[in-house]
Structure formats: C-alpha cells, structure tokens
There are 2 protein chains.
Amino acid sequence: MRCEVLAVGTELLLGQIVDTNSAWIGEQLALAGIDSYFQTKVGDNHARMVEALRIALGRSDAVIVCGGLGPTQDDITREAIAAVMGVRLELDDEVAARIQAMFESRGRRMPMNNLRQAEVPVGATAIAHPQPGTAPGLICPLGDQVIYAVPGVPHEMKALVEQAVIPDLTRRAGISSTIVSRTLRTWGESESGLAERLAPLVARLDAPGQPTLAYLASGIEGIKIRLTSKGSDELAARASVLEVERQIRVELGSLIFGVDDETMEHAVLDLLRAQGLTLGVAESLTGGMMGSRLCDVPGASDVFRGSIVAYASDIKFDLLAVPPGPVVSAEAAAAMAAGARRVLGADVGVAVTGVAGPAPQDGHRPGVVFVGLDLGAGAVGAGVGGPESFEVHLPGERQQVRQFAVITALSALRSRLLEGGSAH
Amino acid sequence: MRCEVLAVGTELLLGQIVDTNSAWIGEQLALAGIDSYFQTKVGDNHARMVEALRIALGRSDAVIVCGGLGPTQDDITREAIAAVMGVRLELDDEVAARIQAMFESRGRRMPMNNLRQAEVPVGATAIAHPQPGTAPGLICPLGDQVIYAVPGVPHEMKALVEQAVIPDLTRRAGISSTIVSRTLRTWGESESGLAERLAPLVARLDAPGQPTLAYLASGIEGIKIRLTSKGSDELAARASVLEVERQIRVELGSLIFGVDDETMEHAVLDLLRAQGLTLGVAESLTGGMMGSRLCDVPGASDVFRGSIVAYASDIKFDLLAVPPGPVVSAEAAAAMAAGARRVLGADVGVAVTGVAGPAPQDGHRPGVVFVGLDLGAGAVGAGVGGPESFEVHLPGERQQVRQFAVITALSALRSRLLEGGSAH
C-alpha cells in the first residue's frame with residue numbers, strides 16, 4: 001500500500017504559510033507502516049489539482065488531499081476530486097444539518113457559503129468531524145484506489161487523519177509489514193565527522209534485513225541519526241534497531257542527548273529532576289525563548305521555576321545585580337546566572353547575554369554570546385568556584401543566533417550536570 | 001517562465017523535519033514574478049528522484065532541487081541530476097580546493113567524504129557559496145531548460161537562491177510580467193464572516209485585470225486576506241491592489257492589524273512607540289513566549305523592557321505581589337500586569353496566566369486564560385481604574401493554547417491603546 005499527500009493552497013506555493021500538515025501526515029503513515037514516496041503542493045487551481053491527483057493515482061494506491069475544503073470561493077478540493085472521479089457533487093443533508101446545528105449552538109447565524117461544505121462527490125462518504133467544526137472530511141473510492149480529503153486547519157486535519165483516514169488505510173492495506181524508526185539526537189559533532197566515526201558500523205550494516213542509517217542536520221536541533229528497519233516482524237525489526245543503537249552509543253557516548261522527540265530541554269530537565277534540582281533562567285538576547293522552550297516539555301513545572309527576561313540593561317543591573325560595565329560580557333553572564341538563582345529561588349541558574357544582531361553591541365559583532373552557569377553548592381556538578389561563564393561565536397542571522405544561544409546554554413548545563421553526576 | 005521546487009530527503013516524507021525551504025523559495029519566485037505551480041517532496045531514492053525531476057521538467061521550464069548535496073552516502077542529488085542529463089559526474093578541482101582550504105582555515109582535517117561535494121555533472125556549473133561552507137550549488141542546463149541544485153541547510157540555501165538562482169532565472173525569463181501581492185492581516189472575525197462582509201466587493205472584482213482575493217486561516221496569526229494582481233505594468237498592478245485594500249479597510253476597519261509580514265507584535269510595539277510608552281510583560285503558562293515574540297521584531301528594544309516568567313506560583317506572590325489565592329484568576333492576572341510595570345519599570349504592563357493543559361488547574365479546565373492589562377496613568381488609553389483583566393477560553397492543545405494566549409493578550413492591549421488614541 002502506497003499513499004501520498006497532496007497539500008492544496010496557493011498560499012503554500014507563495015510561501016505565505018509553511019506546510020506542516022504534510023510532514024505530520026507523513027509521520028502517521030510511517031508509523032502505520034504505509035509507504036509514502038511523494039508529497040506534492042499545488043495551488044487553488046482546478047486543472048492543476050486534477051493533474052496532480054492523476055499523477056498521484058498513477059503511482060500510489062491512495063492520496064490524502066489536505067486543504068481546500070473551506071467555505072469560500074477558492075476552496076475547490078471537492079470539485080477537483082469529483083472531476084477525477086467523473087461524478088457530480090450533491091448536497092449531503094446530514095452534513096448540512098450538522099453544520100447548521102453547530103452555528104445555532106453557538107448562537108450564530110450560518111453564512112450561506114458554509115453549505116458548500118456539505119457538498120459531496122457522488123459515491124463518496126463524508127467523515128463526520130469528531131469535534132464540532134464545519135469542515136467534514138471525505139472518503140472517495142475509485143475502483144481499488146481511494147482519495148481522502150481533510151481540512152487544512154491542523155487540529156481538524158489531525159483529528160480526521162487519526163480517527164478515520166489511518167484506520168481506513170490500514171484496513172484496506174491489510175498491513176503485514178511495519179517500519180520501525182528511531183532517531184538518535186546528537187549535539188557537538190559535524191555531520192561528516194559523525195559519518196566518519198560510524199563508517200565501520202555502516203559498512204557492517206550493508207546487508208539485507210539490517211537497519212538503514214541516515215543523518216539529518218537539523219540546525220538548532222543538532223544532528224539526528226535516523227535508524228530505520230522494515231519487515232513483517234515488528235519485534236525483530238525493533239530489536240535490530242535497538243542493537244544498532246547500542247553500537248552507536250558505544251562510539252558516540254554523551255554526544256547523544258536524546259531519542260526521537262526528546263529535545264535538549266528534555267535532557268536538561270530530566271537530569272535536574274534526577275538530581276533533585278530546580279532551575280532559574282536569566283535571558284537577554286533570547287527574550288524569553290529559553291523559558292518558553294523549557295515550558296514546552298510537559299511536566300517542566302516541577303523543575304523550571306521561571307525566567308527573568310532582562311532585555312533593558314538597567315533591569316540586569318537592578319534586578320539581577322549585574323555589576324556596572326558592559327552587559328555583553330563574561331562577567332555579566334555569570335552575574336545573571338547567579339541573579340536568576342537568587343531572584344527565582346532556584347538551585348541552578350543559567351543565563352545568556354549576547355548580540356543577536358543585526359547591529360554590533362558593546363564592541364562585539366553579532367553572534368557573540370556569553371553563557372553563564374551557577375550550579376550553587378547543592379548541585380552534584382558544582383565545583384568550588386561559584387558562577388562561571390564562557391564565550392561562543394554563533395553563526396547565522398538574528399533569529400538563528402538566538403536559537404543557537406538557547407541550545408548552547410542548555411547543552412553546557414547538561415555537560416556540567418553530567419560531569420558532576422559521573423564523579424559521584 | 002515556470003519554475004517548480006523539488007525538496008529532497010526521506011526525513012521530509014517521514015515528517016521528521018518540516019520543509020520550510022520550499023515555502024521560502026516559493027516566496028522568492030513569486031516576488032521575482034516567476035510562476036510556480038507545483039512543489040514536490042521526494043525521498044533519498046535515485047529512481048524516484050529521477051521520476052520526480054522528469055515530471056517537473058515535463059510541465060515547467062526550471063526546477064530548483066533543494067537538499068541531498070551533503071557529504072554522506074544518502075546524499076544523491078548530484079547523481080540523480082546527472083542521470084536526467086544523461087551525463088557522468090566529474091571532480092571539479094576548483095571546488096575541491098575550496099573545500100580543502102575551508103577545512104584548513106578552521107584547523108580541521110577534511111573527511112574524505114567531503115570530496116563527494118566537489119563532484120559536478122558534466123556540463124553543469126558549480127555555484128561558489130558566498131559564505132565559507134562545504135556545499136556548492138549547481139546550475140545544470142538541459143537544452144532550454146535548467147535544473148538548479150541548492151543545499152538543504154536553510155541559510156546556505158537562502159544565500160545561493162538569492163545570489164545565484166533567482167538572478168539566473170530572471171535573466172533566462174526576460175521577465176516582463178510581475179505578480180504584486182499584499183496580505184492584510186485580521187484578528188477577531190471568522191473566515192466565513194469575512195467572506196460574507198466582503199462578498200459585494202468580491203463580486204465587483206470578478207473582471208479581467210482586477211486583483212484576486214483569497215482568505216487564509218492562519219491559526220495564531222489570525223485570518224489573512226491576500227490580494228494578488230498580475231500584469232506587465234507593475235505600477236498599475238500595485239495601484240489596483242492598493243485601491244482594493246482601501247475598499248476592504250472601509251468595510252473591516254480595525255479588524256486589520258497589519259500588512260504582509262507585520263505581526264500583532266509589530267502592531268503593538270508600533271502603537272506603544274507612537275505614544276512614547278514602554279512595555280513590561282508577566283507570563284505564566286506562556287513561559288517566555290510573549291517576550292520572545294516581541295523580541296523577534298527588530299528595534300523592539302526601545303519599547304520592550306523585559307518579561308518576568310513566573311512559572312512557579314511563589315514567584316508570582318513574592319516578585320509580582322500577586323495577592324494570596326488562586327494564581328489562575330482575574331485578580332492574579334491584573335496583579336501580574338501591575339507587577340510587571342513596577343518590577344520592570346515600564347509604562348504599560350501586560351500579563352497572562354491560565355491553564356495550558358493537559359491537566360486542569362485551580363478548578364479551571366485547559367484553555368482557560370486570564371489576561372491582565374495595566375496601562376498606568378501615563379498611557380493615552382488609560383481609564384480611571386488601574387489594572388484590569390478578563391477571561392477567555394482558548395481552543396486546542398497545550399502549545400496552541402499558549403500561542404493563542406500570547407496573541408489574545410497583545411490584541412487586547414492593541415484595542416485599549418487604539419481606544420485611548422481615538423478618544424484624543
């Protein structure tokens with residue numbers, strides 16, 4: 001069973017919105033063991049949507065069309081699918097009643113446009129949206145093949161794909177083979193450096209039935225190593241992936257900070273939690289990004305106490321007790337880390353100050369960042385010295401410098417916590 | 001001239017990385033007046049890359065291939081393009097020397113793998129990377145058509161597309177027609193509601209040469225209205241877009257908060273700047289996201305002073321002087337806004353506290369958020385009453401609730417600043 005994704009919307013082609021839906025659907029297909037070899041984006045144009053659907057049906061068993069189901073004139077996915085099926089659209093009374101009821105329950109009048117969303121190609125089935133919403137999905141059979149249509153609004157799309165599309169696909173496929181995939185996340189070594197260190201292992205894996213290995217440079221997420229094994233026996237595939245992971249860990253050690261969805265934030269919060277420590281943050285150029293990323297991790301609240309975003313210099317001096325002098329400096333970073341510990345009542349403080357750009361500051365060019373750490377007396381990794389700091393030069397533009405600053409600071413904290421941990 | 005984008009990487013299909021490159025390239029093509037009707041993603045597979053290239057060349061004049069130029073075994077874009085061209089690869093001595101020199105300048109040994117990056121299809125031209133890097137781009141002519149190859153690393157890709165690919169495409173196209181596009185950003189009305197209010201205008205626009213209008217529901221970015229005009233006379237196209245914008249503004253008024261790249265953060269910072277006010281933030285469930293988004297705006301530092309991320313409750317009490325009681329409440333939000341003003345020495349304070357989920361808190365279910373505002377005595381929009389707050393119920397999961405909380409708070413602040421402004 002091969003299934004591909006067709007994302008619809010001129011705004012996707014014009015780059016006014018990034019298509020995150022296809023990536024998410026791709027992941028669900030992989031997890032369900034369904035091959036997916038192509039993803040296409042096409043504009044809100046009838047002829048080109050029909051062409052894209054025909055190409056997709058020429059090489060795949062199923063197509064998931066995402067977007068173009070809205071109530072407005074430029075939403076023409078229903079019409080394009082009907083054309084490929086060679087049928088007309090008809091009003092589905094049940095869907096129409098549901099849409100009307102939804103508007104009434106919210107005390108709103110239904111714009112007549114919304115009735116367009118109740119039109120269904122003859123022979124297709126409307127998928128009721130599990131949450132109240134106005135855009136139903138469609139299951140449109142064409143002989144042995146099938147086209148699914150789901151809305152482009154991410155949370156509506158996800159509910160329909162999880163609850164209707166994937167189960168229908170799996171049933172049609174009579175799934176007998178599984179893809180097992182595991183991603184090891186590294187920080188601190190280049191892609192080609194990793195490839196060279198793992199070359200002997202990769203050579204040994206070059207045999208049928210062995211997992212494949214791929215590198216993925218992910219910018220501020222570090223470099224990922226993806227292991228993939230495919231086969232009819234899920235347990236055997238999983239075991240072979242885990243065995244290769246074991247061999248990679250022997251070679252790379254603590255360069256691997258996480259697995260799959262585990263970010264550097266996960267790694268740091270887990271280490272702190274294991275050592276019974278709380279964390280306070282002080283930020284300047286990152287403006288709150290470090291705090292925000294830490295809070296992305298569910299359960300962060302038992303470790304993360306808060307962050308002082310001291311964007312203006314006098315807040316660094318007055319609230320964080322940074323000594324007079326340049327605020328982009330090693331001294332300021334160390335003082336900010338100590339200030340975060342004190343003001344936020346945390347065991348460990350981490351701080352960043354630096355120049356995001358585009359203009360230089362305090363005589364430093366954009367990309368110069370100072371990281372401060374204060375592990376206090378209670379931390380396992382604490383040395384004799386109190387607050388410490390170091391300077392790094394980060395590449396890229398404003399936004400990238402800020403993102404690299406966050407992961408660099410968190411990675412440094414991780415290393416210090418690991419050092420301390422291993423010494424005990 | 002039609003140009004399409006082919007993004008290469010199995011990790012894109014598996015959803016392990018979101019393809020932001022294609023969106024960015026699509027935007028550059030639109031700005032350059034080059035039609036782009038399809039974007040495709042394909043895995044690191046020779047046969048399927050060749051198939052995707054042939055389909056693209058069957059309907060477009062040019063293809064930009066993004067990714068698969070790295071030094072490792074799964075990077076096979078060079079080989080696939082050579083196959084489509086019907087030529088072999090040869091080592092480009094100049095590129096090889098440049099790669100070697102780059103490694104030497106950093107005092108690092110060059111892994112032999114990296115020499116793969118100096119291989120070029122016979123007849124193609126390597127594009128030197130303007131910044132030191134190891135992945136050169138390629139310009140590969142095929143008769144009247146052309147394939148460009150650029151790396152998948154965003155900042156390397158962007159430099160090559162801007163400095164080599166777009167100029168080459170424009171020269172080949174002898175560009176004579178332009179697309180003028182302008183996006184009006186709205187907050188506070190549904191997509192179908194906007195469509196109904198603008199229906200009479202859209203009916204009038206249904207004539208040759210008139211701009212087209214499309215809606216784009218962008219979640220936390222609100223709903224965008226995109227106006228597009230295409231023609232040989234750029235000034236005339238621009239004028240007709242501006243005239244339609246004028247008519248839309250008459251109908252929608254302050255629902256429009258920005259144009260094109262202007263976010264709600266821009267709108268709020270601009271209003272504060274115009275009124276000579278500084279801003280302090282207090283955040284709980286958003287963890288620093290509000291501060292981080294404000295800092296994304298270049299020049300934020302003359303208005304934005306900082307943010308207190310009070311994730312732990314006792315920081316709300318001790319640092320922000322929130323009165324004893326539940327921290328997810330109208331009282332807490334108002335006190336946090338006042339605390340942000342005082343602690344950060346700002347003219348205006350804005351605060352959010354609430355439940356991001358998945359678990360309920362203080363008897364409130366996920367999505368319940370309280371927004372606090374304190375415009376102080378100096379603000380133009382200040383009433384008689386001091387800090388104020390209100391409750392909203394936001395949809396979606398943890399991350400979406402947090403993002404909606406940020407824009408809801410900023411939108412409320414914008415409305416208050418506008419009210420005050422219009423009353424004087």
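A, B, ... follow the sequence lines: proteins, then strands. Residue 1 opens every chain. Every value quoted in this text rests on a predicted model; they were computed, and no experiment measured them.
- Contact annotation for A:Gln400: only side-chain heavy atoms (C-beta onward) come within less than 4.5 Å of a heavy atom of chain B.
- Of the two parts of A:Asp74, only the side chain, counted from C-beta on, holds a non-hydrogen atom closer than 4.5 Å to a non-hydrogen atom of chain B.
- For a residue to count as touching a neighbouring chain, one of its non-hydrogen atoms must lie under 4.5 Å from one of that chain's; by this rule A:Asp261 does not touch chain B.
- In terms of non-hydrogen atom pairs under 4.5 Å with chain B, the most contact-rich of A:Tyr311, A:Tyr215, A:Phe304 is A:Tyr311.
- Only the side chain of B:Ser181 has a heavy atom closer than 4.5 Å to any heavy atom of chain A.
- Of the two parts of A:Val281, neither the backbone nor the side chain holds a non-hydrogen atom closer than 4.5 Å to a non-hydrogen atom of chain B.
- Each of B:Gln28, B:Glu27, B:Gln39 has some count of heavy-atom pairs under 4.5 Å with chain A, and the biggest count is that of B:Gln39.
- With respect to chain A, the highest number of heavy-atom pairs below 4.5 Å among B:Cys295, B:Ala300, B:Ala199 belongs to B:Cys295.
- Ranked by heavy-atom pairs shorter than 4.5 Å toward chain B, the options A:Pro111, A:Pro154, A:Gly70 are led by A:Pro111.
- Both the backbone and the side chain of B:Thr10 come within less than 4.5 Å of a heavy atom of chain A.
- Atom CG of residue A:Leu6 and atom OG1 of residue B:Thr40 lie 9.5 Å apart, to the nearest 0.5 angstrom.
- The closest side-chain heavy-atom distance from A:Val153 to B:Glu191 is not below 4.5 Å.
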Q: Could you go through the side chain to side chain contact (heavy atoms under 4.5 Å, CB included) check for A:Ile308 and B:Val309 one step at a time?
A: CA-CA 6 Å; A:Ile308 304 294; B:Val309 181; over 6 Å; no
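- Judged by distance alone, with hydrogens and angles left aside, the side-chain atoms of B:Arg402 form a donor-acceptor pair with the main-chain N or O of A:Ser292 at under 3.5 Å.
- For chain A, no part of B:Asp302 is nearby; none of its heavy atoms comes within less than 4.5 Å.
- If you measure heavy-atom distances from B:Glu11 to chain A, the contacts under 4.5 Å come from both the backbone and the side chain.
- For B:Glu221, no part lies under 4.5 angstrom from a heavy atom of chain A.
- Ion pairing of A:Arg305 with B:Asp314 is present here, as a side-chain N (NZ or NE/NH1/NH2) and a carboxylate O approach within less than 4.0 Å.
- In this structure, no portion of A:Arg293 lies under 4.5 Å from any heavy atom of chain B.
- B:Ile17 places none of its side-chain heavy atoms less than 4.5 Å from the side chain of A:Lys224.
- More than 12 heavy atoms of other residues, nucleotides or ligands shown are found within 6.0 angstrom of CD on B:Gln399.
- The two residues A:Leu14 and B:Arg226 come nearest to each other via the heavy atoms CD1-NE, 3.7 Å.
- Here the closest heavy-atom approach between residue A:Leu13 and residue B:Tyr37 is recorded as CD1-O, 3.4 Å.
- Salt-bridge check for A:Glu196 with B:Arg109: passed, with a basic side-chain N closer than 4.0 Å to an acidic carboxylate O.
- At a 4.5 Å heavy-atom cutoff, the contact between B:Arg48 and chain A is made by backbone and side-chain atoms alike.
- Contacts with chain B were tallied for A:Gly306, A:Ala7, A:Gly291, A:Gly288; A:Gly288 has the most, counting heavy-atom pairs under 4.5 Å.
- Per-residue heavy-atom pair counts under 4.5 Å with chain A were compared for B:Gln73, B:Arg59, B:Met112, and the maximum is reached by B:Arg59.
- Neither the backbone nor the side chain of B:Ser313 comes within contact range of chain A; no heavy atoms are under 4.5 Å apart.
- Among B:Gly152, B:Ala310, B:Gly15, B:Gly287, the residue making the largest number of heavy-atom pairs under 4.5 Å with chain A is B:Gly287.
- Looking at B:Glu283, neither its backbone nor its side chain comes within 4.5 Å of chain A, counting heavy atoms on both sides.
- Taking B:Gly357, B:Ser192, B:Gly193, B:Gly43 one by one and counting their heavy-atom pairs under 4.5 Å with chain A, the maximum is reached by B:Ser192.
- Closest approach of B:Ala23 to A:Lys41, counting heavy atoms only: N-NZ, 4.3 Å.
- Interface residue B:Ser307: backbone and side-chain heavy atoms are both found under 4.5 Å from chain A.
- With a 4.5 angstrom heavy-atom cutoff, B:Leu344 touches chain A via backbone and side-chain atoms both.
- Contacts of A:Thr286 with chain B are made by backbone atoms alone, with heavy-atom separations under 4.5 Å and no side-chain atom involved.
- Residue B:Ile55 touches chain A through its side chain alone, counting heavy-atom pairs closer than 4.5 Å.
- Only the side chain of A:Glu51 comes within contact range of chain B, judged by heavy atoms closer than 4.5 Å.
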